[in-house]
Protein chains: 4
Amino acid sequence: MYLKYYYDESLSQASYMVGCQKTGEAALIDPSRNIEEYLNTAEKEGFTITKILETHIHADFVSGSRELAERASATIYYSLEGEGDPSSEYTFDRSIRQQGVRHGDQIKLGNVTFDVVFTPGHTPEHISFLLTDGAASAEPLGMFTGDFIFVGDVGRPDLLEKAAGVKDSAIKGAEQMFHSIEKVKSMDSALQIWPGHGAGSACGKSLGSIPTTTLGYEVKTNPAFQFDDRKNFTEFLLDEQPVPPAYFAVMKKVNKEGAPLLRDQKNALRYGTNVEKINNLLRENVTIVDSRSREAYSQSHIPGTVNIAYDSSFTNWIGALVSYDKPIFFIADPHHFSQITEAMNAIGLDKTEGFFSPAIVEKYEEEHGTDHYEVISPENAYNMQKEGNLSILDIREEHEFEEEHVKDAKHMVINHLPSKAEELPDHTMALYCGSGARSAIATSILKAKGYTVKNIKGGFMRWKKENLPTE
Amino acid sequence: MYLKYYYDESLSQASYMVGCQKTGEAALIDPSRNIEEYLNTAEKEGFTITKILETHIHADFVSGSRELAERASATIYYSLEGEGDPSSEYTFDRSIRQQGVRHGDQIKLGNVTFDVVFTPGHTPEHISFLLTDGAASAEPLGMFTGDFIFVGDVGRPDLLEKAAGVKDSAIKGAEQMFHSIEKVKSMDSALQIWPGHGAGSACGKSLGSIPTTTLGYEVKTNPAFQFDDRKNFTEFLLDEQPVPPAYFAVMKKVNKEGAPLLRDQKNALRYGTNVEKINNLLRENVTIVDSRSREAYSQSHIPGTVNIAYDSSFTNWIGALVSYDKPIFFIADPHHFSQITEAMNAIGLDKTEGFFSPAIVEKYEEEHGTDHYEVISPENAYNMQKEGNLSILDIREEHEFEEEHVKDAKHMVINHLPSKAEELPDHTMALYCGSGARSAIATSILKAKGYTVKNIKGGFMRWKKENLPTE
Amino acid sequence: MYLKYYYDESLSQASYMVGCQKTGEAALIDPSRNIEEYLNTAEKEGFTITKILETHIHADFVSGSRELAERASATIYYSLEGEGDPSSEYTFDRSIRQQGVRHGDQIKLGNVTFDVVFTPGHTPEHISFLLTDGAASAEPLGMFTGDFIFVGDVGRPDLLEKAAGVKDSAIKGAEQMFHSIEKVKSMDSALQIWPGHGAGSACGKSLGSIPTTTLGYEVKTNPAFQFDDRKNFTEFLLDEQPVPPAYFAVMKKVNKEGAPLLRDQKNALRYGTNVEKINNLLRENVTIVDSRSREAYSQSHIPGTVNIAYDSSFTNWIGALVSYDKPIFFIADPHHFSQITEAMNAIGLDKTEGFFSPAIVEKYEEEHGTDHYEVISPENAYNMQKEGNLSILDIREEHEFEEEHVKDAKHMVINHLPSKAEELPDHTMALYCGSGARSAIATSILKAKGYTVKNIKGGFMRWKKENLPTE
Amino acid sequence: MYLKYYYDESLSQASYMVGCQKTGEAALIDPSRNIEEYLNTAEKEGFTITKILETHIHADFVSGSRELAERASATIYYSLEGEGDPSSEYTFDRSIRQQGVRHGDQIKLGNVTFDVVFTPGHTPEHISFLLTDGAASAEPLGMFTGDFIFVGDVGRPDLLEKAAGVKDSAIKGAEQMFHSIEKVKSMDSALQIWPGHGAGSACGKSLGSIPTTTLGYEVKTNPAFQFDDRKNFTEFLLDEQPVPPAYFAVMKKVNKEGAPLLRDQKNALRYGTNVEKINNLLRENVTIVDSRSREAYSQSHIPGTVNIAYDSSFTNWIGALVSYDKPIFFIADPHHFSQITEAMNAIGLDKTEGFFSPAIVEKYEEEHGTDHYEVISPENAYNMQKEGNLSILDIREEHEFEEEHVKDAKHMVINHLPSKAEELPDHTMALYCGSGARSAIATSILKAKGYTVKNIKGGFMRWKKENLPTE
């Protein structure tokens with residue numbers, strides 16, 4: 001048997017290839033949409049990809065299943081356990097090769113067997129795959145657990161409710177998760193666990209930065225495995241889950257149907273430093289993201305653009321804060337064009353239409369002038385707040401705010417800014433988050449909406465370091 | 001003034017950027033469709049591209065004018081001298097910024113002036129641009145001559161007739177060329193000449209491998225400048241011109257209207273070693289080009305594929321031999337995907353749909369078996385010909401064949417094979433060209449059409465080296 | 001805790017980074033010499049690399065410990081268990097930061113603890129590291145087993161004897177391995193096992209293509225864990241081990257001392273198609289490796305060059321067959337220059353001096369003529385053998401030959417060809433291996449030594465498929 | 001004949017390849033040290049590089065002649081006209097293939113002829129090469145003029161005196177230049193001129209941004225060609241020449257002897273974010289250049305580092321301001337490592353030892369704190385100057401300062417800062433140049449020397465725009 005681990009850092013997402021050298025077949029578990037790496041491996045190792053296994057309908061990234069089914073002429077194996085429930089039922093077009101499976105089914109790949117195990121909780125249809133390498137032993141060696149078991153965590157059950165609006169599904173999911181955990185607790189403790197996500201994913205609250213684990217280790221150490229009582233468990237599980245990004249609802253829909261094929265995408269084009277073009281766009285209903293560093297943006301930016309720096313959190317924020325319905329343009333370093341396009345594909349933002357170069361900002365400044373915002377020290381912010389010259393706005397998660405925050409700070413989670421900004425007061429605000437990174441994005445969003453805003457340097461960490469008042 | 005030379009080796013095509021540092025404007029002369037490099041320069045040098053100058057309606061590559069007009073919001077300056085003549089009149093859509101010009105007009109770019117000079121011959125509407133750097137002097141420093149004057153050659157006048165079927169236009173063009181040459185002969189001999197093509201272009205017959213020249217040097221050394229008599233000149237000029245590739249007719253049409261924008265292109269996708277997919281395609285009306293080396297192809301290839309190796313002549317042969325109406329797939333080294341796509345764009349073959357990896361041939365062999373053809377030595381070919389076991393086919397240009405060829409060889413120029421192969425005899429043929437490169441392509445074309453063919457190693461060069469009979 | 005898996009496919013070698021987010025420190029376990037990837041991760045994750053843990057003195061690749069100690073200012077932790085035994089004792093220069101450890105010692109990295117476990121067998125000094133993530137639990141989560149436990153295999157104990165000439169060490173190592181296995185059998189079956197090698201490594205005989213495993217799964221399925229009797233175990237373990245490459249002895253020496261720093265290496269330079277240079281080199285005592293495909297080499301090569309194609313087995317064969325004492329030059333595709341240099345560094349072949357381009361072969365042919373060898377079908381080889389016109393030479397491993405071979409074939413393992421070729425008969429030989437790949441290399445080696453040789457197409461697989469006589 | 005133009009933008013330096021297709025030989029004129037591109041062309045076009053032609057002993061970049069002579073086994077043709085003059089005589093080691101030439105000599109390359117023309121002025125030994133393509137005509141087509149004729153300028157004659165200290169050589173060179181110009185004025189006006197440098201080079205004072213010109217155009221428009229009187233000419237020529245970078249003296253020496261071969265260079269290594277290492281280096285006698293943007297550097301930098309941003313002027317300033325005798329380390333974006341190494345090689349700064357990543361600044365800040373400097377608006381600078389709180393320092397060229405400068409500004413040309421900084425007043429200074437770019441470098445140099453400095457935003461351009469007082 002052949003097994004390879006893939007990890008997409010921008011999505012904190014794991015996928016897996018299993019191959020049988022004897023028959024030359026390979027299967028992918030939970031592939032992402034940038035499937036080139038899978039094709040590379042298959043080619044190098046001499047495998048034909050024949051099967052694609054989906055643990056569940058993903059909410060946080062575009063599944064590569066349909067793309068791979070088309071390009072590798074492979075069959076998608078998906079859960080039938082959600083049948084009848086619109087939120088949990090796949091609706092692939094009939095032209096896609098597909099095979100529904102249920103708890104107890106076996107999927108064969110040469111000498112290799114995948115046993116389907118129904119493990120609802122994160123979603124109602126969620127299944128896991130128990131892997132047995134028949135060439136070595138009749139004993140299973142591990143389980144692909146998708147968003148069921150993570151290292152040190154389990155999948156959150158509240159996404160359907162919070163992101164897709166399925167009423168009461170959070171509590172129901174938590175209860176299912178309790179039973180799914182009970183079900184696997186008794187399995188062989190030596191089983192490897194191959195999870196669907198790692199640290200940084202919004203599909204759980206405290207995922208570990210360790211690629212793989214074992215059932216025995218999780219049983220002993222995973223907080224979610226330490227409950228005997230269903231009620232305590234559900235309370236624990238629903239507590240402190242972060243606000244899900246708005247795009248999770250879109251992803252659900254895309255993945256239930258199978259994502260559009262990449263060959264049908266419009267090409268994003270490069271517009272260099274074409275000031276006239278960007279000026280026209282600023283009058284249209286499009287999104288223009290300035291992906292330069294927050295330092296560069298704060299000093300000078302084209303009014304009407306939003307700042308989401310291209311760094312390791314880019315995918316996260318772009319998905320959370322940008323509309324899926326409008327064309328998107330970027331101001332970006334040419335080195336990042338292809339990576340940005342891949343990142344956008346990965347979360348289904350298929351409307352990227354063009355790229356401008358960073359030098360356009362300077363050109364724009366010469367012709368039309370640019371805008372900037374102030375980065376303010378905690379002390380200055382505190383003094384101005386005291387004098388009534390500004391309000392302080394905390395844009396962190398609910399539980400972060402509740403734990404401790406700047407005295408007299410208002411609060412709105414960053415993910416809510418695009419839709420609820422109008423609830424904010426109409427005078428000068430100084431924003432903060434933990435370190436100043438998230439609030440830089442938030443500052444640019446509010447600025448583009450016409451607010452007078454500043455960003456507090458160093459965020460809450462520095463506020464506390466300087467012993468300024470909190471509550 | 002700023003001047004930069006661009007040279008696209010795959011097209012043997014030259015383009016130029018002229019900029020005025022004072023006003024920050026730049027103009028492009030005869031840009032190709034891969035406009036990234038122009039945008040790069042403009043960005044680096046701080047120029048805004050505002051003008052695009054076209055010497056004529058190109059037949060051998062897709063002009064980048066429309067793409068650039070859109071992406072840089074620039075204006076296309078084109079010749080009105082062909083007005084009323086359907087073969088020579090631009091028909092840009094009104095949404096494209098455009099400005100027709102005539103002999104005597106001036107185009108200003110800050111301190112720089114382009115004087116329009118009507119120089120028909122290669123085409124009826126052909127104009128050249130005399131360049132004056134007003135910041136340095138009132139004297140012109142050179143002329144952008146497009147396909148009028150090349151280094152050591154002038155543009156051929158017979159393309160409209162041979163490629164686009166405009167009757168009697170060859171002789172008329174030759175006469176116009178005579179007068180155009182007369183017209184410029186008296187200009188300052190110190191003028192630089194910046195031509196539109198270099199060695200290898202099919203727009204002339206003997207272009208030199210030197211990027212730039214001067215009017216004085218051409219007057220003294222260019223064969224086309226040595227005639228006083230119009231008749232002798234036209235005879236000379238029409239003699240020995242190579243068979244134009246079939247795609248020249250398509251290019252004419254595309255360039256008159258302005259090429260489709262690249263953002264509307266379908267994306268070509270990678271299909272790795274998906275044998276099932278290629279098998280399906282082989283049953284459909286598509287073209288599959290195997291771009292591996294001719295050695296690899298001759299030893300083993302998938303039946304039904306055509307071999308055009310990805311080397312420096314790729315653009316030339318792909319344009320000449322592949323249909324513009326069918327989807328195109330490639331078997332290609334992944335390192336070449338983007339270069340092949342660029343090359344296809346450059347000549348308007350916008351229907352590239354997918355790429356397979358070279359490893360698919362081996363996979364195909366295991367499942368279905370592959371085909372091969374024999375590479376035969378001149379001596380063996382000669383012996384088999386003598387014994388009546390094969391015919392020898394010369395696929396070189398008319399004038400090459402006329403000069404000298406293998407005794408008793410049949411003849412069909414490679415460019416005619418796609419359309420006239422059925423005129424060939426239905427028994428074993430051994431093909432040759434000059435060195436064995438062109439005949440490898442021809443062998444694969446005839447093989448895909450069902451003929452029994454071999455390729456003669458080393459071509460006519462080796463045939464002569466071995467003192468075999470010619471005539 | 002942070003954990004990342006690295007896998008060098010050309011070495012079939014695994015290394016690991018463990019980090020503690022709280023203190024920002026990271027440790028590397030068994031790093032290879034191309035340390036850029038480690039530095040990249042550390043930079044991205046914000047870690048300072050402070051510790052390097054060595055399980056044993058590696059024989060198959062250059063350890064990156066010294067390079068990393070220098071460049072990251074980190075400390076090497078190495079086994080003291082081999083003290084007093086020259087084959088098993090590290091002799092790092094005092095300028096290198098180092099810390100010897102013994103069974104029972106603990107290495108702390110912020111919240112993380114590594115417990116040193118003495119696990120001799122593969123080598124006398126071999127230790128493993130039991131990993132505990134104190135932030136999550138007091139329970140260990142896994143063990144870095146180096147060349148002790150692999151997936152489905154254990155480290156071979158005979159390298160010291162076969163590669164480094166340490167008498168009787170094979171049997172002694174096998175006995176130690178028996179006890180090491182006994183020692184860990186009783187540990188928690190849920191422990192993850194992170195091995196030092198994967199499939200393709202010569203440090204064992206049947207390593208699996210699975211990155212990680214668990215102790216429980218190995219106890220149940222690993223053949224080496226199924227013995228109660230020491231004698232049976234040692235017999236089993238010493239059976240069918242492949243001939244180790246000659247360079248293993250060199251690696252041992254290099255790794256005991258710490259490899260030379262890369263900044264002291266001479267740069268390999270590109271000589272293009274400089275025929276005069278290669279001609280001079282051919283008269284000197286240097287090695288010239290032609291890394292083109294075996295098809296290309298067989299058709300035409302420069303006499304005196306050896307053919308080791310740049311593919312996934314390159315590192316393996318270059319280390320096995322090339323002298324460490326002579327300057328090395330390559331004929332190679334320019335795309336491969338940096339990868340070849342990395343591969344050479346990885347196994348300590350630091351004398352790479354230059355690269356020629358593949359086009360030199362054609363140039364050489366024009367000026368001096370080239371050489372070729374015949375690829376012969378099994379049937380033709382059989383017929384010529386029958387008629388006494390050639391001998392057939394099997395160059396596979398001892399146990400492959402013993403299992404079954406071509407009737408009347410002679411035998412010499414490819415690894416012995418450089419040193420023992422003169423024992424071969426002095427007439428035409430046709431070589432074979434399993435599929436024709438190894439024998440292509442062998443053919444080129446014997447050809448460079450003056451033998452008349454052919455390569456049998458498809459190797460023993462095709463011989464059997466065609467039902468030719470074996471024994 | 002084949003002719004190709006090369007242009008190294010970082011050096012503003014032109015080199016040329018001339019080939020004869022008939023014999024397959026090629027020659028390089030004035031190659032730079034990064035010779036890969038030449039080898040690429042030769043390989044692609046099938047040429048063997050046999051000859052290297054040097055117009056003179058270059059002062060501004062390392063000639064690639066010796067490297068190329070070694071790697072391509074070619075012969076260097078150099079001027080003997082400087083014989084007996086230590087500043088102008090080549091002293092190549094005898095192991096290098098070489099051939100001295102004098103005025104009137106001919107160098108043959110197949111059908112191509114280079115006639116040697118003695119054209120002193122820029123240097124005493126300077127020669128030019130008149131090119132005749134015998135295959136086309138007996139008429140010469142152009143001249144490689146090195147640093148004799150540029151587009152719109154001629155070579156400056158004062159470098160030997162200013163950079164190498166050869167007394168009275170400036171005036172003598174200017175006189176020679178007068179005669180050299182006289183000599184060529186009468187040649188065919190249609191000759192192309194291929195110069196050795198373009199705009200931005202310090203080998204002249206007003207080079208044009210046009211790659212090639214003609215003798216006729218230069219005779220008519222080049223200011224240096226408009227003099228009949230030697231005295232007026234020399235005055236004109238010596239006027240307003242910029243201060244030559246200090247490294248020109250080093251280059252002269254290197255090029256007279258032939259540059260060290262690149263294979264003997266130490267490799268520069270990557271040290272990631274190793275704070276301990278950089279801290280040790282800061283205590284040693286090494287140079288650490290921070291190549292991040294001036295914005296990033298001004299906000300936070302490691303004390304003791306100097307800021308030369310990696311942009312299009314990098315080569316210029318690094319050569320001018322960094323010592324050739326000390327090891328050099330960089331803080332640089334990993335994308336720039338190889339380009340920086342190439343740039344350093346190009347000007348013979350062969351002591352680059354290592355690279356740190358930009359992230360080290362943040363790490364350093366956490367552990368030790370960092371430094372910053374203020375960017376001040378012209379208005380604030382003016383006010384503080386008025387109040388006596390700072391002095392303003394102009395660091396532009398002599399002639400820029402003389403033309404117009406900030407009222408009461410002190411003046412020291414940036415090139416003199418490394419050696420003469422101690423002459424500056426010991427209180428706060430605000431620096432300016434034309435736009436703020438050069439003064440950012442100057443600010444970092446003075447800061448590293450312990451001065452209290454600010455940089456004036458927008459430089460003299462903005463000062464004037466704001467109508468602040470000048471004189």
Side-chain angles (χ1 to χ4, degrees), chain A residues 1-7 9 14 16-21 26 40-41 44-47 112 131-142 151-153 187-194 198-200 206 208-223 225-226 311-312, chain C residues 1-7 9 14 16-21 26 40-41 44-47 112 131-142 151-153 187-194 198-200 206 208-223 225-226 311-312:
Chain A
M1 196 187 82
Y2 174 92
L3 172 57
K4 189 175 164 82
Y5 305 166
Y6 301 87
Y7 192 72
E9 299 198 355
Y16 302 90
M17 183 184 286
V18 174
C20 175
Q21 291 99 338
N40 279 340
T41 307
K44 201 163 159 190
E45 302 289 338
F47 288 124
V112 174
L131 176 72
T132 305
D133 173 12
S137 162
E139 291 285 334
L141 70 155
V151 180
D153 201 352
M187 295 172 80
D188 184 353
S189 71
L191 280 175
Q192 286 194 76
I193 299 296
W194 297 296
S206 59
S209 291
I210 299 173
T212 59
T213 182
T214 65
L215 185 57
Y217 188 75
E218 294 307 310
V219 166
K220 271 184 279 188
T221 66
N222 189 322
F225 279 69
Q226 312 310 319
D311 60 21
S312 59
Chain C
M1 195 187 81
Y2 174 92
L3 173 56
K4 189 175 165 80
Y5 306 166
Y6 301 87
Y7 193 72
E9 299 198 355
Y16 302 90
M17 182 185 286
V18 173
C20 174
Q21 290 100 336
N40 279 340
T41 306
K44 201 164 161 189
E45 303 290 337
F47 288 125
V112 175
L131 176 71
T132 304
D133 173 12
S137 163
E139 292 285 334
L141 70 156
V151 180
D153 200 354
M187 295 171 80
D188 184 351
S189 71
L191 281 176
Q192 287 193 75
I193 299 297
W194 297 297
S206 59
S209 290
I210 299 173
T212 58
T213 183
T214 64
L215 185 56
Y217 188 74
E218 294 307 310
V219 167
K220 272 185 278 190
T221 66
N222 189 322
F225 279 69
Q226 312 310 319
D311 59 21
S312 59

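Each chain gets a letter, A, B and so on, in the order its sequence line appears, and its residues count up from 1.
Contact count versus chain A (heavy atoms, under 4.5 Å) is highest, among C/Leu191, C/Val151, C/Leu215, C/Thr212, for C/Thr212. Note: A/Lys220 leads A/Glu45, A/Lys220, A/Glu218 in heavy-atom pairs under 4.5 Å with chain C. Ranked by heavy-atom pairs under 4.5 Å with chain A, the list C/Gly152, C/Pro211, C/Gly216 is led by C/Pro211.
For A/Lys4, the salt bridge (Lys or Arg N to Asp or Glu O under 4.0 Å) partners two or more places apart in sequence, or in a different chain, are C/Glu9.
Residue A/Pro223: no heavy atom, backbone or side chain, is found under 4.5 Å from chain C. Only the side chain of A/Gln21 comes within contact range of chain C, with at least one heavy atom under 4.5 Å from a heavy atom of that chain. At a 4.5 Å heavy-atom cutoff, the contact between C/Asp188 and chain A is made by side-chain atoms alone.
No donor-acceptor contact under 3.5 angstrom links the side chains of C/Thr213 and A/Gln192, judged on distance only. With 3.5 Å as the limit, one finds no donor-acceptor pair spanning the side chains of A/Ser189 and A/Tyr217.
Between C/Cys20 and C/Phe47, the shortest heavy-atom contact is O-CE2, 3.7 Å.
Of the options C/Leu3, C/Leu131, C/Val18, a side-chain contact (heavy atoms from CB on, under 4.5 Å) to A/Ile210 is made by C/Leu3 and by none of the others.
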